[in-house]
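Positions are given from 1 along the sequence. For ligands, and for the atoms within them, numbers begin at 1 and follow the listed sequence.
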Amino acid sequence: MRQGILEIFLESDMAVSQQHIEATLTKQFERVDRITVYRTLKTFEQKGIIHKAIDGTHTPKYALCTDNCSEHAHHDAHAHFHCDDCGKTFCIEEVSPPKVNAPKGFVVKSTHLVMNGRCDNCQD
Ligand SMILES: [Zn+2]
Ligand SMILES: [Zn+2]
Ligand SMILES: [Zn+2]
């Protein structure tokens with residue numbers, strides 16, 4: 001099951017939702033336990049294998065990390081692009097979120113940069 005989930009990430013060039021993973025696994029395995037999928041995603045995230053791709057939608061999506069990430073240490077702060085036409089979310093690794101100064105008394109833990117519009121597959 002874990003291997004199957006990992007393969008979905010390796011084969012995908014976009015961020016995937018848990019729903020997409022479950023649907024894909026259903027074609028391979030007879031029974032897909034949602035809790036197992038959820039737990040595996042959490043474990044992968046903790047181990048620095050995948051990260052949450054914040055895309056401004058209500059559906060959490062995950063994408064494969066770069067080699068820079070290790071257990072409990074993600075170093076892949078980058079922008080994410082959400083396509084309004086096909087609904088896919090992509091990692092934009094060459095764009096980093098800007099350093100922002102929070103007002104006095106606020107402590108910034110993370111900053112997310114989300115772009116939306118039309119992806120290159122949807123241009124024509
Ligand atoms: Zn990461
Ligand atoms: Zn698109
Ligand atoms: Zn990403």
Strictly distance-based, threshold 3.5 Å: is any side-chain N or O of E22 a donor or acceptor partner for the main-chain N or O of V32?
no
Would you mind telling me which of H78, H75, E45, K61 makes a side-chain hydrogen bond (donor to acceptor under 3.5 Å, both in side chains) with H51?
H78
Do any of the N/O/S atoms of H74, backbone or side chain, fall under 2.8 Å from the Zn ion (ligand 1)?
yes
Restricting to N/O/S atoms, is H75 within less than 2.8 Å of the Zn ion (ligand 1) or not?
no
Side chains of T89 and H82 only: does a donor on one sit below 3.5 Å from an acceptor on the other?
yes
Residue C65, metal the Zn ion (ligand 3), N/O/S under 2.8 Å:
no
If Ile, Leu, Val, Met, Phe, Trp and Tyr residues are connected whenever their side-chain heavy atoms lie under 4.5 Å apart, and connections chain through other members, are I50 and L6 in the same group?
yes
Here the vertex angle at the Zn ion (ligand 2) for SG of C119 and SG of C86, given to 10°, is 110°
To the nearest 10 degrees, could you say what angle the Zn ion (ligand 3) makes with NE2 of H78 and NE2 of H80?
100°
Do V37 and D33 make a side-chain contact, defined as non-hydrogen atoms from C-beta onward lying under 4.5 Å apart?
no
Please state the angle at the Zn ion (ligand 3) spanned by SG of C91 and NE2 of H51: what is it, rounded to 10 degrees?
110°
